[in-house]
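To start, the structure under review is shown below, and the notes come after it.
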Amino acid sequence: MGLLHGAVACTRFNAAVPPDGPDFDAAPFREIELASEVRERIGFVPFEPGAPYEVGSRRWAFRVRIDRRVPDATAVRERVRELVHTELETTNQPFVGTKRRKELRALAEAELLLHQAPRTRILECAFDGNLLYVGSTAKTHLGIVLALVRQAGVAAEWKAPWLDEAPEADEASDIVIPKEPGQSVLGCRFLKALLEDPDVLIEPETGSVRLATREARVTLAGGVLNELHRLVAEGAEMLAAKLLMGTIQMRFDALSYRLASLKLEPVKGEHWTVELDARLAQIADVWDTLDGKYRALAGQLGPAPAGEAAAPVEA
């Protein structure tokens, strides 16, 4: 998943881009050299080889490339056994101590890495005005992108309605305690409020919903509606759900206000920049719709008393 092709994963950030644009040369990607002991390289690469980063007025498209070399765990264990055996034969000692075993393990990993190609991951991203779109919802990847754009001279902060303006509702919850930057239980209550929105449906046949109750986290799959409404009526908080919004299907992470598995109409253009323009417009439309619904419901996002049933949703 990314931004341009296939199902989209997307997280937004507010971004303060300098007048001259980001300094992508401050953290360019460099490949790991052969026979190098380096285990990881991260940096900026153009969206297409040789393409400029600037692709429009106050718009920059880029990718973050992550190359990692991780030795195979089974191969490491086997090599450590061989090294331990050699150590015992050489020293005539009855055993190898813990400290020495750690040294031998480090040696085994270094030997194996010399012959191992790195695994590559690409994160598609774009600055569009004062917004940064990142084609991922993974916490680790988002942290990497934020660290890199800071090196490029861009200040970026998490974007969610409760961060953009003072919340109108109580954020306290005795069920969900946000642990990551930008998270809020208000997102969970927004998702619950969408159960009453005629334009939004929980996927009724191949649904997927995550909830939190006072006792446990609950995952529902398949025909989820009956059990979903029972749990919501008992006071459960909705964490994430597969939604249908018109013809658009997506998975909405309510706690973090992020989109995953967003299925959009295919775009076709004479050039990749044309396709990117169209895809960013589609993504922005989805966010604008959700933002508008949040603003309309903001004053109603307090905790509902347990036992208050949600309105039924038509499949």
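Since this is a predicted model, take the numbers as computed values, not measurements.
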**Asked** Going from CG on Leu244 to CD1 on Ile202, what distance comes out if it is rounded to the nearest 0.5 angstrom?
**Response** 8.5 Å
**Message:** Salt bridge or not between Glu275 and Lys268? Use side-chain N to carboxylate O under 4.0 Å.
**Reply:** no
**Message:** Grouping I, L, V, M, F, W and Y whenever their side-chain heavy atoms are under 4.5 Å apart, do Leu112 and Ile32 come out in a common cluster?
**Reply:** no
**Prompt:** Trp158 versus Phe13: any side-chain heavy-atom pair under 4.5 Å?
**Reply:** yes
**Single hit among Asp291, Asp288, Asp128 for salt bridge (Lys or Arg N to Asp or Glu O under 4.0 Å) with Arg12** = Asp291
**Message:** The test is ring pair (Phe, Tyr, Trp, His ring centres under 6.0 Å); show your working for Tyr133 and Phe127 and say whether it passes.
**Reply:** CA-CA 6 Å; Tyr133 293 98; Phe127 289 109; 10.0 Å; no
**Prompt:** With side chains defined as the heavy atoms from C-beta onward, is the minimum distance between Leu113 and Val38 less than 4.5 Å?
**Reply:** no
**Message:** I want to check something: taking the side chain as every heavy atom from C-beta on, are Glu103 and Glu87 in contact at a cut-off of under 4.5 Å?
**Reply:** no
**Message:** Could you check whether Arg79 pairs with Glu109 (Lys NZ or Arg NE/NH1/NH2 to Asp/Glu carboxylate O, under 4.0 Å)?
**Reply:** no
**Message:** Does Arg39, at its CZ atom, have more than 12 non-hydrogen atoms belonging to other residues, nucleotides or ligands within less than 6.0 Å?
**Reply:** yes
**Message:** If you count heavy atoms of other groups shown closer than 6.0 angstrom to CZ of Arg81, is the number above 12?
**Reply:** no
**Asked** Is it true that Val274 and Val55 fall in one hydrophobic cluster, defined by side-chain heavy atoms closer than 4.5 Å?
**Response** no
**Prompt:** Leu239 and Ile175: same hydrophobic cluster, using ILVMFWY side-chain contacts below 4.5 Å?
**Reply:** yes
**Item:** Heavy-atom check, side chain of Val17 versus side chain of Arg58, under 4.5 Å
**Value:** yes
**Message:** Taking Arg65 first and then Asp67, would you say they form a salt bridge - that is, a charged N and a carboxylate O separated by under 4.0 Å?
**Reply:** yes
**Request:** Carefully, step by step, assess Leu211 and Arg217 under the rule side-chain contact (heavy atoms from CB on, under 4.5 Å).
**Result:** CA-CA 6 Å; Leu211 306 99; Arg217 296 287 177 99; over 6 Å; no
**Message:** Please determine whether a side-chain nitrogen of the Lys or Arg among Lys159 and Asp164 lies less than 4.0 Å from a carboxylate oxygen of the Asp or Glu.
**Reply:** yes
**Prompt:** Transitively linked via ILVMFWY side-chain contacts under 4.5 Å: Leu123 with Val45?
**Reply:** no
**Item:** Carboxylate-amine/guanidinium proximity below 4.0 Å for Glu33 and Arg41
**Value:** yes
**Message:** Just so I know, are the side chains of Cys10 and Leu262 near enough to count as touching, which here means a heavy-atom distance under 4.5 Å?
**Reply:** no
**Message:** So does Gly187 get a backbone contact from the side chain of Ser184, meaning a donor-acceptor N/O pair under 3.5 Å?
**Reply:** no
**Asked** Does the separation of the ring centres of Trp287 and Tyr257 fall below 6.0 angstrom?
**Response** yes
**Request:** Verify the neighbour count for atom NE2 of His271: are there more than 12 heavy atoms of other residues, nucleotides or ligands below 6.0 Å?
**Result:** yes
**Message:** Main chain of Thr219, side chain of Arg210: is a donor-acceptor contact present, judged purely on distance under 3.5 Å?
**Reply:** no
**Item:** Salt bridge present between Glu54 and Arg59 (N-O < 4.0 angstrom)
**Value:** no
**Prompt:** Got a donor-acceptor contact below 3.5 angstrom from the Trp162 side chain to the Gly182 backbone?
**Reply:** yes
**Complete:** Looking only at heavy atoms, the pair that brings Asn92 and Glu89 closest together is OD1-O, 3.6 Å
**Asked** Sub-3.5 Å donor-acceptor pair from the side chain of Glu237 to the main-chain atoms of Val185, do we have one?
**Response** no
**Item:** Other residues, nucleotides, ligands: >12 heavy atoms within 6.0 Å of Asp199 CG
**Value:** yes
**Message:** What I'd like to find out is whether the side chain of Leu276 reaches to under 4.5 Å of the side chain of Phe47, using heavy atoms alone.
**Reply:** yes
**Prompt:** Hey, is the main chain of Glu265 close enough, under 3.5 Å, to the side chain of Gln282 for a donor-acceptor pair?
**Reply:** yes
**Prompt:** Distance-only, no hydrogens or angles: does the Lys242 side chain make a donor-acceptor pair with backbone N or O of Thr206 under 3.5 Å?
**Reply:** yes
**Item:** Under 3.5 Å: donor-acceptor pair, side chain of Gln183, backbone of Glu180
**Value:** yes
**Item:** Spacing of CD belonging to Gln151 relative to CG belonging to Asp25, to within rounding of 0.5 Å
**Value:** 12.5 Å
**Message:** With a 4.5 Å cut-off on side-chain heavy atoms, are Leu195 and Leu228 touching?
**Reply:** yes
**Asked** Tyr53 and Phe24: aromatic ring centres closer than 6.0 Å?
**Response** yes
**Request:** Verify the cluster assignment for Ile283 and Val267: are they in a single hydrophobic cluster under the rule of side-chain heavy atoms below 4.5 Å apart?
**Result:** no
**Prompt:** So, do Leu290 and Phe252 sit near enough that their side-chain heavy atoms are less than 4.5 Å apart?
**Reply:** yes
**Message:** Assess the residue pair Leu83 and Leu107 against the criterion (side-chain contact (heavy atoms from CB on, under 4.5 Å)); give the C-alpha distance rounded to whole Å, side-chain angles, the decisive distance to 0.1 Å, and a yes or no.
**Reply:** CA-CA 9 Å; Leu83 292 174; Leu107 178 60; 4.1 Å; yes
**Trace of the side-chain contact (heavy atoms from CB on, under 4.5 Å) decision for Arg230 with Glu227** = CA-CA 5 Å; Arg230 182 185 70 79; Glu227 189 67 9; 2.3 Å; yes
**Message:** Main chain of Gly223, side chain of Glu205: is a donor-acceptor contact present, judged purely on distance under 3.5 Å?
**Reply:** no
**Between CG on residue Asn226 and CG on residue Leu231, distance to nearest 0.5 Å** = 11.0 Å
**Prompt:** Which residues pass the salt bridge (Lys or Arg N to Asp or Glu O under 4.0 Å) test with Asp197, sequence neighbours left out?
**Reply:** Lys293
**Asked** For the side chain of Ser256 and the backbone of Arg258, is there at least one donor-acceptor N/O pair under 3.5 Å apart?
**Response** no
**Prompt:** Can you list the steps and then say if Glu203 with Gln249 is a side-chain contact (heavy atoms from CB on, under 4.5 Å)?
**Reply:** CA-CA 8 Å; Glu203 165 58 55; Gln249 179 178 301; 4.0 Å; yes
**Complete:** Rounded to the nearest 0.5 Å, the NZ atom of Lys192 sits from the CE atom of Met238 at a distance of 8.5 Å
**Separation of Thr11 OG1 from Leu259 CG (nearest 0.5 Å)** = 8.0 Å
